[in-house]
Amino acid sequence: MSSLSLILVTKNAAPFLAAAMVQAETCRRDFDAQVIAVDAGSTDGTWESLELMTSWTVQRQHQAGLAAARNEAVELATGEVIAFLDADDEWAPDKTTKQLQALEREPDTDVVSALLRKVGALGDGTIHPAWTPSGCLFRRRAFDRVGPFDIRLRLACDHEWFMRARRMQLRMSLIEECLVQKNIHDANLSHRRDEYRAELLEVLRSRD
């Protein structure tokens, strides 16, 4: 089985942190995974909780923004496969197993996703393909080929990365099972829809 690195990026994640830490630690134990936590200057006790995890790699991020935090964590990752866990997301217990199995069956596949359900205070229960980092497993070579997340983008960095991956014809597959619960709430970056759409429009214009 391929070696695995799990990346947890946090910023004032206290309401969701305990559950996220349990998920990350379970992954570490079950898959002998490297866990990397990068914190963006939390002031709500998140950082202090992360510091207690002596079996993890824990650091403050050096450059502002979600894209930069993820990029810094990818640089620290030693696994052949990389997972991203958003602190406010919940994975099905067999998500990682099923996605790793899919990558083992499909050696040419670089990214494997699944379905997610929108839950939480502002979630509507709808199910969508989880083309978001927390819904996927990535082979490390995907980042070697596509490159890092674009640090110029505050909200649309995930969408832009997948646009580049598709344009470069990266091989990606989808497990038709709901394996991720996506918490939708006021603090979601992606919930800032007007800003997100404006930024995405700029990305699309720049690709014309």
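Quantities reported herein were computed from a predicted structural model and do not represent experimental measurements.
- Using a distance-only test at 3.5 Å, with no hydrogens or angles considered, a donor-acceptor pair links the side chain of W161 to the main chain of G147.
- Side-chain contact check for L76 versus Q59: some heavy-atom pair is nearer than 4.5 Å.
- Qualifying salt bridge (Lys or Arg N to Asp or Glu O under 4.0 Å) partners for R28, counting only residues two or more places apart in sequence or in other chains: E25.
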Which atom pairs, donor and acceptor, lie under 3.5 Å between side-chain atoms of residues 15-23 and protein residues at least two apart or in another chain?
| from | atom 1 | to | atom 2 | distance (Å) |
| --- | --- | --- | --- | --- |
| Q23 | OE1 | W91 | N | 2.7 |
| Q23 | NE2 | D89 | O | 3.1 |

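- Under the 4.5 Å side-chain criterion, counting only non-hydrogen atoms from C-beta, R145 is in contact with L170.
- Side-chain N or O atoms of Q61 include one that pairs as donor or acceptor with a backbone N or O of G65 at under 3.5 Å.
- Between E177 and K98 there is a salt bridge, since at least one side-chain N of the basic residue sits less than 4.0 Å from a carboxylate O of the acidic one.
- A salt bridge does not link D39 with K11: none of the charged nitrogens is closer than 4.0 Å to a carboxylate oxygen.
- I7 has its side chain within reach of I82: a pair of non-hydrogen atoms, C-beta onward, lies under 4.5 Å apart.
- Put simply, the side chain of R140 never gets that close to the backbone of G79: no donor and acceptor are under 3.5 Å apart.
- Formation of a donor-acceptor pair under 3.5 Å by the S113 side chain with backbone atoms of A130 is found in this model.
- Side chain of T57 to backbone of I36: no donor-acceptor contact under 3.5 angstrom is found.
- Between the E72 side chain and the H62 main chain, a donor and an acceptor come within less than 3.5 Å of each other.
- For the pair S2 and L103, the minimum side-chain heavy-atom distance is 4.5 Å or more.
- A cation-pi contact, defined as under 6.0 Å to the ring centre and within 45° of the axis, links R166 to W131.
- Annotation for D44: atom CG counts as buried by contact number, over 12 foreign heavy atoms lying within 6.0 Å.
- Residues satisfying the salt bridge (Lys or Arg N to Asp or Glu O under 4.0 Å) criterion with E104, sequence neighbours excluded, are absent altogether.
- A heavy-atom distance below 4.5 Å is not found between the side chains of S3 and V81.
- Listed by chain and residue number, E106 satisfy the side-chain hydrogen bond (donor to acceptor under 3.5 Å, both in side chains) test with S173 (two or more places apart in sequence, or in another chain).
- In terms of the salt bridge (Lys or Arg N to Asp or Glu O under 4.0 Å) criterion, residue partners of D86 (sequence neighbours excluded) are, by chain and number, R70, K182.
- Looking at residues two or more places apart in sequence or on another chain, you find no salt bridge (Lys or Arg N to Asp or Glu O under 4.0 Å) involving R171.
- F143 and F149 have their aromatic ring centers within a separation under 6.0 angstrom.
- Taking the side chain as every heavy atom from C-beta outward, L6 and L85 approach each other to under 4.5 Å.
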